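Letters A, B, ... mirror the listed sequences (proteins, then strands); counts begin at 1. These numbers come from a predicted model, not from an experiment.
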Amino acid sequence: MARRGLGPAEEYDYLFKVVLIGDSGVGKSNLLSRFTRNEFFLDSKSTIGVEFATRTLKVEGRTIKVQIWDTAGQERYRAITSAYYRGALGALLVYDVTKATTFENVNRWLKELRDHADSNIVVMLIGNKTDLKHLRAVATEDAQSFAEKEGLSFIETSALEATNVEKAFQMILSEIYRIISKKPLSSSEPAPGPTGGIKEGKTIEVSATNVDNTKKQCCST
Amino acid sequence: MEKKRANDEFEPGPILPSQSVDRFEFIKQEQNSSEGLSTSRSANEHEREERRIRKWRKIIGVGGSDWKQYVRRKPHVVKKLIRKGIPDCLRGLVWQLISGSRDLLLMNPGVYEQLVIYETSASELDIIRDISRTFPSHVFFQQRHGPGQRSLYNVLKAYSVYDRDVGYVQGMGFLAGLLLLYMSEEDAFWLLVALLKGAVHAPMEGLYLAGLPLVQQYLFQFEQLVKEHSPKLGQHFSEEMINPSMYASQWFITLFSYSFPFPLALRIWDVFLFEGVKVVFKVGLALLKFCHDDLIKLPFEKLIHALRNFPEDAMNPDTLLPLAFSVKVSKRLEELQQEYEKRNGGTLPKAGSTNRLLQAIKHKELSIKPERSNCVQKDDPSPRILH
Ligand SMILES: Nc1nc2c(ncn2[C@@H]2O[C@H](COP(=O)(O)OP(=O)(O)O)[C@@H](O)[C@H]2O)c(=O)[nH]1
Ligand SMILES: [Mg+2]
């Protein structure tokens, strides 16, 4: 399970696992493709199940590799996707600033996280599609104060115009980094399990990110 | 960018002539150059194909009138023929015959229209949101509010009313879309009913019911089969913490219609409709076998990538399918299903336990309408396009 980086290009100090959640159609997959490949698709296929991508970048002077799981947004799919919250250090909870219902549903997504994710997961609220100014239905201030109340960080983005996408990821990764680097790593701690960012050092050993292998978790409905 | 947005509101003009399409009318990707092969087929091959079509036509009979009898008399011949691929111009018709959907259609005149016109569905907005995200690279579905998108909407809406427990679930659009390239809306609707309600094989509605119970079962069965058929790879997967939900969910949820090359998906569907879902397992296992030596070397991330981007030669139906047919799974699939049910303390509906509507069909003699057309065309002007 433990392994080292695959040559110089693959070296990193930390490996973080992050999930993208939120209603269908809010732009999760395009935020991901914008962030990892600098691509955007006006008509992209809806996500079925889960997708996965990675990127390595500098955060607070450290090289961080982030593994991002993009999930199908439709409620019915949570039977499959919620297994992927386990072990995630961060969650990007996306809504569409032009669709009020996607913002109203944020509460349900937070509940999903409470039920399935690790309790100390860092959650960032993202209002996407700010380029559609004339269609805006959720005011920035409303989302901002909601985020404050819930203790989430908050940012608005446009995957289409590539506005704030990089910044959103930088913010959540820094936040995760600050928490991780403060926490002393002691071997007496319970095994970090599938969690991403664990170890610091010259040779990088990380456990593979995974979804739990315990069938019971995901398969009883 | 604002300009692009404006397209949302207005119908774009006719498809740009500059877009080149492949033989199945998908917009070509630049790299995808091998598709042109079919045009350079030799006269010899062409003749062989003609003979094949004539043979099929004879078996089917006028509008499908001889089909049932022939299948009853020579099931093995039919199985072999179908595994070689149904001629494209007969595909729509044969799919309706082997899936049992034609029977459903005949027994339920007017039902589809009723569902489309008079009923409303709680899923309408969900469906609309996904319409342009279903086969966005196919000419037929590309035009906003064009005939393709409208029929896709109608079929999905009708189904969501017909079966309110299932409603609409993302992924169903790819099934419906695939069908609509080969038959009319109403035919596509009944084929969807036949599949999900189990006209011939076990019902597959569990793929889309709350909790996606059948997806979970299939993933369980597939994981075990991988361990049994490719033990080394199975071992490697568990060491790398790869599980099938990471790569195979969409295989099952969309029955390979989501991301597989179209020519391969069609060949799989030919067999799937006749023989049932086991071919999906066979193809999945065959793919892993075909790529075994590469996959076994890859670490987690590269594995995930490889399992979503199989090489072109693996996706060639004439290579992959024979390998798939050589994989035996029927018995184990059944055992594993029982094991799964024991663990989870529930059973999913089996074939035959379907609703009365379908039960009735089994007792009714087939009567076939006069021939519509030997080749069910995708551009068959579908009279039931509404809205
Ligand atoms: N105008 C605009 N459209 C976007 C933006 N992000 C995504 N979209 C569009 O919204 C639709 C859904 O995007 P997608 O990424 O598939 O959403 P997902 O279901 O959350 O993964 C697609 O048509 C995208 O092109 C954005 O920032 N601005
Ligand atoms: Mg998506």
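- Atom CD1 of A:I48 sits about 6.5 Å away from atom OG1 of B:T254, to the nearest 0.5 Å.
- Taking non-hydrogen atoms and a 4.5 Å limit, the residue list of residues 26-40 of chain A in contact with chain B is empty.
- When heavy atoms are compared at a cutoff of 4.5 Å, A:S24 approaches chain B by way of both its backbone and its side chain.
- For the atom pair OG of A:S46 and CD1 of B:I131, the computed distance is 10.0 Å after rounding to the nearest 0.5 Å.
- The backbone N or O of B:Y208 sits less than 3.5 Å from a side-chain atom of A:R76, completing a donor-acceptor pair.
- Counting heavy-atom neighbours within 6.0 Å of B:L125 CG, excluding the residue itself, gives a total of 12 or less.
- Remark: the B:S249 side chain and the A:Y77 side chain contain no N/O donor-acceptor pair separated by less than 3.5 Å.
- B:D165 meets the salt bridge (Lys or Arg N to Asp or Glu O under 4.0 Å) test with no other residue; sequence neighbours excluded.
- Considering every non-hydrogen atom in both A:G73 and B:Q170, the closest pair reads N-OE1, 4.3 Å.
- Annotation: side chain of A:W69 is in contact with side chain of B:M246 (closest heavy-atom distance under 4.5 Å).
- In this structure, no portion of B:T134 lies under 4.5 Å from any heavy atom of chain A.
- When every heavy atom of B:S245 is checked against every heavy atom of A:V50, the shortest pair comes out as O-CG2, 3.9 Å.
- Contacts of A:T54 with chain B are made by side-chain atoms alone, with heavy-atom separations under 4.5 Å and no backbone atom involved.
- By the 4.0 Å N-to-carboxylate-O rule, B:D130 lies too far from A:K45 to be salt-bridged with it.
- Note that CD1 of A:I80 and CD1 of B:I253 are 4.0 Å apart. Values are rounded to the nearest 0.5 Å.
- Under a 3.5 Å cut-off, the side chain of A:Q74 and the backbone N or O of B:Y168 do form a donor-acceptor pair.
- Shown here for B:G211 and A:A79, the closest heavy-atom pair between the two residues is O-CB, 3.4 Å.
- Once rounded to the nearest 0.5 Å, the distance linking CD of B:Q142 with CG of A:D43 reads 8.0 Å.
- Remark: B:F256 engages B:W251, B:F260 in a ring-ring contact (aromatic ring centres under 6.0 Å, His included) (not counting sequence neighbours).
- Residues A:F52 and B:F300 bring their aromatic ring centres within 6.0 Å.
- For A:E51, the parts lying under 4.5 angstrom from a heavy atom of chain B are both the backbone and the side chain.
- By the 4.5 Å heavy-atom criterion applied to side chains, B:R129 and A:D23 are not counted as neighbours.
- Residues satisfying the ring-ring contact (aromatic ring centres under 6.0 Å, His included) criterion with B:F174, sequence neighbours excluded, are B:F135, B:Y258.
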